[in-house]
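For ligands, and for the atoms within them, numbers begin at 1 and follow the listed sequence. Since the structure is predicted, the reported quantities are computational estimates derived from the model, not experimental observations.
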Amino acid sequence: MVVAHSLGFPRIGKDRELKKALESYWKGELDEAGLQAVGRELRAAHWQLQAEAGLDLLPVGDFAWYDGVLAHSLMFGVIPERFRPASGKPGLDTLFAMARGVSKSCCGGGAQAQEMTKWFDTNYHYLVPEFTAEQQFELSWEQLFEEVDEALALGHRVKPVVIGPLTYLWLGKVRGGEAFDRLELLERLLPLYGQLFERLAGQGVEWVQIDEPILALDLPQAWKNAFERGYNLLQRAPLKKLVATYFGGLEDNLGLAAGLPVDGLHIDLVRAPEQFPLILDWLPAYKVLSLGVVNGRNVWACDLERTLALLREAHARLGERLWVAPSCSLLHSPVDLAREQHLDEELRSWLAFAVQKCEEVAVLKQALLQPDAAVVQAALDRSRRVQASRAASSRIHRPDVQARLQAIQPSDYRRASAFASRIEQQREQLKLPPFPTTTIGSFPQTAAIRLARQAYRQGKLSAGDYTEAMQTEIRHAVSIQEQLGLDVLVHGEAERNDMVEYFAEQLEGYAFTRFGWVQSYGSRCVKPAIIYGDLSRPAPMTVDWIRYAQQQTSKVMKGMLTGPVTMLMWSFPREDVSREVQARQLALAIRDEVCDLEAAGIRIVQIDEAAFREGLPLRRAQWQGYLDWAVNAFRLCSSGVGDRTQIHTHMCYSEFNDVIESIAAMDADVITIETSRSQMELLEAFRAFDYPNDIGPGVYDIHSPRVPDVGEMVALLEKAAERIPAERLWVNPDCGLKTRGWPETEAALVNMVAAARQLRGRLAGAAA
Ligand code: GLN
Ligand code: ZN
């Protein structure tokens, strides 16, 4: 039988129930039994939804308390020394300590959280496993087995999902002790998979899904060899194995992936359609081929007719060995479109969320087996109408925007003078001390702020009262920054729900959901806006707020914008035009805003490009193409101002070593970057490449409530000063402070300013 299945379902819940439960638990308002109950209800509801949608085989193991990779670390006993409970098995508090660096009962709260980084090229973050040379593995977490029983008891046919051994090792990092190759751990790790599979088989499981997305990356030869070796050893496990690949094409790993001694292979035909029918030449005749044809990472309804044509061909060749699925786990897609009744009908008809994607998969399968069924015909008719209405819609295709794009000149991508001359002029007018201190933009989003914004949105607070409330917040933020002695102030971003949505709401061509949340990390969810048409800025977006903030202080106020690449990366993009074109449309809109801020007397404008690096294609061969248009988009939005206006940019969670030249090519006067969690590791990039402009390497991690002391920050700055000349160093946190509380924020900033002063003192001492 052709099988309709999914690789994973969003775990957060339609109403972000998981987020709410986690946060109550962390606050001590919900006990562990209560938290477990929420998890159980969510899993049951999600299986039910998928079963009702018509899927045959449901994923188990896609639920996780904070992150799925972290769950694997617990399952394999990969628990760094500093989190290991003094006695007994690790518990939920061990897990949360590893994720957050603090916990109710473990380790005295003094241990630093594990590093967090992007899951491939998505906006989901996983916790990086930490390995040591002595690493031992042991099965030490029962969650997966319990959840399998739970699903079976509910009468579902299930397929546990695990991260494959090679991908798991690849995602980890060696920490502490001597450097060694983590691939050497494979032999030690594999027996755990053996045990895992034995136990699952014992529970009555027929198929297991083993995620090996690294097969879509450029892999070193040793890792390719390890795939063969590793899977040969797992061959005897008493259940059927489906190796899942996604986020890209297998390319040079195609033969390797197809030939692994397993029972099935999943490939992503949304990202890499060219893999079909090529794959058929490689796949052994006994294997199942799962085709990922419904995009798990975007919100557009599937073009059923086109997809069906492909599936028919596959079905003719594969028969019962064909499985149908979304391209990847639906973790990256919002939960249920049915809740978005406020969207107009036309727009809604263009979309599909996780639940609808499951339905699409099911109907595609049904269309293969019962092409004449009424439901199939109805779905195909509807899909045809949707495609036609999008192709012709004047809401999407705007001649004025397209004309402006045509009129861009090469000079629009260049500042008037080179950096060396600009920075002189800027220094003269800004008169900042050495090691200037600043923050990344946002200050704590307190309950009061969120309530005011909500009341305003619901019409319970008038525009005037809302403006006044936000102005009060601005005055508060300004006065605290003045007291702290910061040099370049910010207005605090109280009026912004989200750094992308705030701008998107003021642009034409964007649409918004009410419940379209997607997990970003832990309990943090984002609600990406949807780019559905050509983009333009009808009016200034931030000028009134920033001007007001500047009026409250004689210090320099930095205007705060989100850059075109980040706007694009953190939105659901169109699929009918290239990302490059969408970035250029965004760049023109932001350019107008930058110029308006300058005209309003703002002397520093920060254009955040937090997502710049995550836009990098997974395969190196595609990097340059991306970097070219991404850098150009930034230059286009930032080059409309005079030399004396200082352009900052900010990036977080980034490893720049590979792209440092492009970062330099963006030609921002100052860049602030994430570094503290990785102990300034990032600055390695600056050894080989002489980054020419000013830099603020983050000196403390804002993702944790921990307050670092002065010495710690001084040490990090000293480390930075080994690479970057003191006169080009700025002092700032890692990222915005919106998720923090005021007390820890103030405490940390007091220390940060003190650290900057110490360095200034030393500099003055050295000069004397
Ligand atoms: N200016 C934004 C803030 O401070 C930047 C956030 C980010 O880089 N993710 O919140
Ligand atoms: Zn950031």
Looking from the Zn ion (ligand 2), what is the angle between SG on Cys735 and SG on Cys652, to the nearest 10°?
120°

Against the six-membered ring of Trp26, is Arg100 placed for a cation-pi contact (under 6.0 Å from the centre, within 45° of the normal)?
yes

Can you list the residues that meet the salt bridge (Lys or Arg N to Asp or Glu O under 4.0 Å) rule with Glu593, with sequence neighbours excluded?
Arg537

Verify whether the ring centers belonging to Phe572 and His332 lie closer than 6.0 Å.
no

Using a cut-off of under 3.5 Å, which N/O atoms of ligand 1 pair up with protein N/O atoms, and what distance separates each pair?
| from | atom 1 | to | atom 2 | distance (Å) |
| --- | --- | --- | --- | --- |
| ligand 1 | 1 (N) | Ile440 | O | 3.0 |
| ligand 1 | 1 (N) | Glu493 | OE2 | 2.9 |
| ligand 1 | 1 (N) | Asp608 | OD2 | 2.7 |
| ligand 1 | 4 (O) | Ile440 | O | 3.3 |
| ligand 1 | 4 (O) | Ser442 | N | 2.8 |
| ligand 1 | 4 (O) | Ser442 | OG | 3.1 |
| ligand 1 | 8 (O) | His650 | NE2 | 3.0 |
| ligand 1 | 10 (O) | Ser442 | OG | 2.7 |
| ligand 1 | 10 (O) | Lys738 | NZ | 3.4 |

Could you list all the ring-ring contact (aromatic ring centres under 6.0 Å, His included) pairs where at least one residue sits in residues 728-753, not counting sequence neighbours?
Phe443-Trp742, His476-Trp742, His648-Trp730

May I ask you to check whether Gln606 and Lys558 show a side-chain donor-acceptor distance below 3.5 Å?
yes

Can you pull the ring-ring contact (aromatic ring centres under 6.0 Å, His included) pairs that have at least one residue in residues 540-571, sequence neighbours excluded?
none

